[in-house]
Each structure stands twice: as C-alpha cells, then as structure tokens.
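Worksheet: the structure to be examined is printed underneath.
As a basis for the values below, the full set of heavy atoms in this structure was taken, side chains included, without hydrogen atoms, waters or symmetry mates. Indexing begins at 1, ligand by ligand and atom by atom, following the structure's order.
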Amino acid sequence: MMPLVDNHKISNSFLEINIDSIIHNYQLINNKVGNTECAAVLKADAYGMGASVVAKALDKVGCSTFFVATIDEGIELRACFSKNEKQIAVLSGLLEGSEDIFYSNKLTPVLNDTEQIKKWAIYNQQKKISAPSILHIDTGMNRLGLTINELYDIIKNPTELKELNVEWIMSHLACGDQPRDIMNEKQLSVFLNAKKEFPNVKASLANSAGVFLGQSYHLDMVRPGIALYGSGSGSIPSKPLKQVIKLYSRILQIRTLSTGASVGYGASYRVSKATRVATVGLGYADGYLRSLSNCSWVFFNGLRLPVIGRISMDYITIDITQIASEKIKTGDFIEIIGDKFTLDDLATVANTVPHELLTRLGTRHHRIYRNTNNISK
Ligand SMILES: *Cc1c(COP(=O)(O)O)cnc(C)c1O
C-alpha cells in the first residue's frame with residue numbers, strides 16, 4: 001500500500017529521490033564511455049526508485065535501451081514508451097509460452113539457453129518476422145546464459161541461429177567490483193573470443209563496476225544500474241557520482257531509561273547509565289535490515305546517534321542522550337540515509353551491497369521526487 005496521506009509532515013518517514021542526481025550520474029557515465037552506448041538497468045522498479053519516473057527522466061537525456069529482469073517489469077515499462085521504439089530487454093529470458101507477450105509488447109528477450117534460441121527462432125519463422133534478440137553468453141558467472149561449450153555447439157550447427165535477428169551479444173562480470181581480480185580479464189578474454197564469431201553483432205559486458213574497469217570493458221554498450229542510483233560501491237569512485245536518495249524518519253516517542261533497563265525484543269541491549277532513548281518510525285518492513293540491530297547509526301543535526309536494541313518491523317530505537325532535551329522532540333525527523341551517512345555507508349554497516357538496501361526500501365515511505373521538471377510527460 002502506498003501512503004494515502006499526501007503530506008510527508010504526517011507520515012512516519014519520507015524518502016527523497018533526486019531525479020537530477022540520476023540524470024547527472026547517467027551523463028557522467030555516458031561521457032566516460034565516449035561512443036559506447038549507455039543503457040540503463042531498471043529492474044526491480046529501478047532498484048526501488050520507480051521505473052517509470054526514472055525511465056522518463058533518462059529518456060530526456062537520450063537513453064534508448066533499458067534492461068529489466070521480468071516480463072511484468074517489461075510490460076510496465078513499455079506502457080511508458082508505447083509510441084516510441086525504446087529497446088526494452090528482459091534479462092530473465094524467454095519463459096515457456098511467453099513468445100506472444102514478448103512480441104506484442106515489443107520486448108527483446110535475452111536468450112539464455114539453446115531451448116530459448118530454438119523457441120524464438122521458430123516463433124519468428126512462423127510469424128514471418130525478424131524480432132530482435134540478445135544472446136547471453138556465460139563467461140564465468142555461472143548464473144544465466146549459454147555456456148561456452150553450448151555456444152560453440154550452436155555455432156557449428158547454426159540452423160536456428162540463422163533464423164534469429166541477434167542484435168547484441170552480452171555477458172556479465174562476476175567480480176567487477178574487485179578491479180584486481182584476474183577473473184575480470186579472464187571473462188573479458190573469453191567474451192572477446194566469442195565475439196569473433198559474431199562479426200556484425202554489437203557486444204555488451206560491463207555493469208556499473210565494469211564501466212570503471214577501463215575502456216577495454218566498454219565494448220559497444222555498458223549496462224549500469226547501481227551507479228545511476230548514486231552508489232559507488234566497491235571499486236566505483238563514488239565522489240563524482242551524486243547521491244540520489246535521502247531517507248528521514250520521525251521520532252514517535254522519547255523516554256528516559258534508568259541504569260540496567262533493556263531496549264526492545266530479546267532485551268538485547270541494556271543501558272549502563274541513565275539514557276534518553278527515542279523510538280523512530282521505520283523498521284525492517286521499510287528496508288532497515290534487522291541485521292542492523294545494535295550496530296548502526298543515524299544522524300540528527302549533524303550528530304551521530306547509535307541505534308540500540310533490535311530492529312523491529314516498524315520501529316528502531318536510538319540513543320539521544322548526547323542531545324540536550326530541549327533540542328530534540330517527538331515528531332522531529334532523523335536522518336537515516338543522507339549526506340552524513342550515505343547509502344554506501346549503511347550498506348557497509350549492514351554487511352551488504354547498496355543494491356539490496358535500495359530494492360528493499362518498500363512502499364511505506366512517503367516519496368518525494370525532487371527536480372522532476374526533466375521528466376518527459
Ligand atoms: C543487475 C545487472 C546489471 C547492473 O548491475 P549494477 O551492479 O547495478 O550496475 C547489469 N547487467 C546484468 C546482467 C544485471 O543482472
């Protein structure tokens with residue numbers, strides 16, 4: 001359920017999404033890769049940022065290829081661009097019986113195995129069409145895509161391949177965020193060898209981290225996701241990227257605990273002196289992971305405040321003893337993610353990737369899109 005009250009002043013928390021930052025990050029990458037095309041990965045509702053809003057913003061600055069994970073995401077995105085010819089590619093591939101849906105919604109299947117290649121070839125033959133496809137070659141991720149052996153089997157006996165309009169070949173890096181890992185070079189070299197078999201087909205390898213591995217990884221198209229949303233995780237130099245989200249949550253109650261009192265489920269935190277605590281209105285149902293219990297921070301007026309006790313579904317508890325009581329009150333908003341404590345900082349504390357935090361933000365935060373004047377109507 002989206003918030004029904006159209007006023008963040010009476011919501012538990014609000015999430016600011018800065019559209020100009022997304023555009024800045026796209027243009028930064030687009031400039032960095034020169035003549036290489038810069039696509040955008042909008043799977044999982046554009047990592048929770050809102051796929052249609054992000055797509056329309058990126059449309060304005062010339063992005064013409066979008067990647068989603070599922071058919072449903074593809075259909076939803078196509079509805080934003082019904083009149084124009086944006087390429088929308090579905091990474092999870094051509095599921096049994098989905099050919100008509102792909103074709104009627106002008107979605108491009110990423111063909112991940114020989115069965116999918118056959119099915120799309122037969123469908124195109126029967127319909128007397130030549131609908132585009134992307135061939136996914138697995139160069140070491142071992143997740144999706146044709147293995148190298150399967151690829152060379154097909155090349156030896158290319159009956160189906162001949163029927164296909166393969167516009168792109170692609171592969172995906174397993175260790176892009178670890179620039180020194182030799183896996184990157186290995187995957188690149190396997191992919192470049194495969195590419196020789198497709199002299200007239202364009203090739204794509206790099207995700208966000210891959211963009212920053214150097215020009216040899218850019219090929220004909222890069223596919224950034226997380227960097228567009230402001231994260232410089234791992235190897236990505238985060239400085240030039242602009243933060244996209246800020247998350248604030250409200251203090252719902254303040255109390256003073258005496259020495260020895262416990263906080264929250266499991267009584268996992270006990271205060272060793274008189275302590276003023278505040279209960280704040282977000283929890284793991286809002287993407288504030290339960291694993292952050294007793295180990296995270298929030299900020300208020302530039303001051304760092306520890307999160308104490310277990311994270312519960314809808315609330316966290318913070319220690320506000322260091323702030324004079326007249327300076328903080330019920331109803332005040334606390335910075336959960338912002339300038340002082342970025343998405344990447346929180347991901348590090350949570351021992352996860354920023355991708356996970358973003359995609360789990362959920363739907364309860366009141367959303368405020370900033371700088372939406374760039375969104376095409
Ligand atoms: C998710 C994904 C991307 C984007 O990855 P980021 O790390 O978010 O840049 C690119 N390509 C494929 C195949 C993906 O699954």
Atoms in ligand 1 flagged as close to Arg143, the criterion being non-hydrogen separation under 4.0 Å: 15 (O)
Run the contact test for Met141 against ligand 1 with a 4.0 Å cut-off on heavy atoms, strictly below, and give the result. no
When only distance counts, is Ile226 in polar contact with ligand 1, meaning an N/O pair under 3.5 Å? yes
State, with a plain yes or no, whether a side-chain heavy atom of Leu77 is found less than 4.5 Å away from one of Leu42. yes
Can you tell me if Phe67 has a non-hydrogen atom under 4.0 Å from ligand 1? no
Pull out every atom of ligand 1 sitting under 4.0 Å from any heavy atom of Lys43, numbered as shown with elements. 1 (C), 2 (C), 3 (C), 14 (C), 15 (O)
Salt bridge check: are Lys86 and Asp59 linked by an N-O gap of less than 4.0 Å? yes
What atoms in ligand 1 come closer than 4.0 Å to a heavy atom of Val41? 3 (C), 4 (C), 10 (C)
Which atoms from ligand 1 have a heavy atom of Met170 less than 4.0 Å away? 13 (C)
Whether the side chain of Thr147 engages the backbone of Glu150 through a donor-acceptor N/O pair (distance < 3.5 Å, no angle test) should be reported. yes
May I ask you to decide if the ring planes of Phe333 and Phe14 are parallel, tilted or perpendicular, using 30° and 60° as cut-offs? perpendicular
Can Arg364 and Asp314 be counted as an ion pair, charged N to O under 4.0 angstrom? yes
Could you identify the single nearest non-hydrogen protein atom to atom 5 (O) of ligand 1 and state the distance to 0.1 Å? Asn207 CB, 3.5 Å
Quick check: do Asn25 and Val244 have side-chain heavy atoms less than 4.5 Å from each other? yes
Starting from the C-alpha separation in whole Å, work towards a yes-or-no answer on side chain to side chain donor-acceptor pair (under 3.5 Å) for Arg276 and Thr321. CA-CA 5 Å; Arg276 267 174 44 255; Thr321 313; 5.7 Å; no
Tell me: protein heavy atom nearest atom 8 (O) of ligand 1, and distance? Tyr47 OH, 2.5 Å
Which residue and heavy atom of the protein sit nearest atom 7 (O) of ligand 1, plus the separation: His355 NE2, 3.0 Å
Between Phe81 and Phe66, ring centroids under 6.0 Å: yes
Specify the protein heavy atom at minimum distance from atom 11 (N) of ligand 1: its residue, its atom name, and the distance to 0.1 Å. Arg223 NE, 3.0 Å
Is the closest heavy-atom distance from His136 to ligand 1 below 4.0 Å? no
among protein heavy atoms, the one nearest atom 9 (O) of ligand 1 is Ser208 OG, 2.5 Å
Say whether Phe67 and Leu95 are linked into one hydrophobic cluster, either directly or through other cluster members, by side-chain heavy-atom distances under 4.5 angstrom. no
Side chain or backbone, does Gly225 bring an N or O within less than 3.5 Å of an N or O on ligand 1? yes
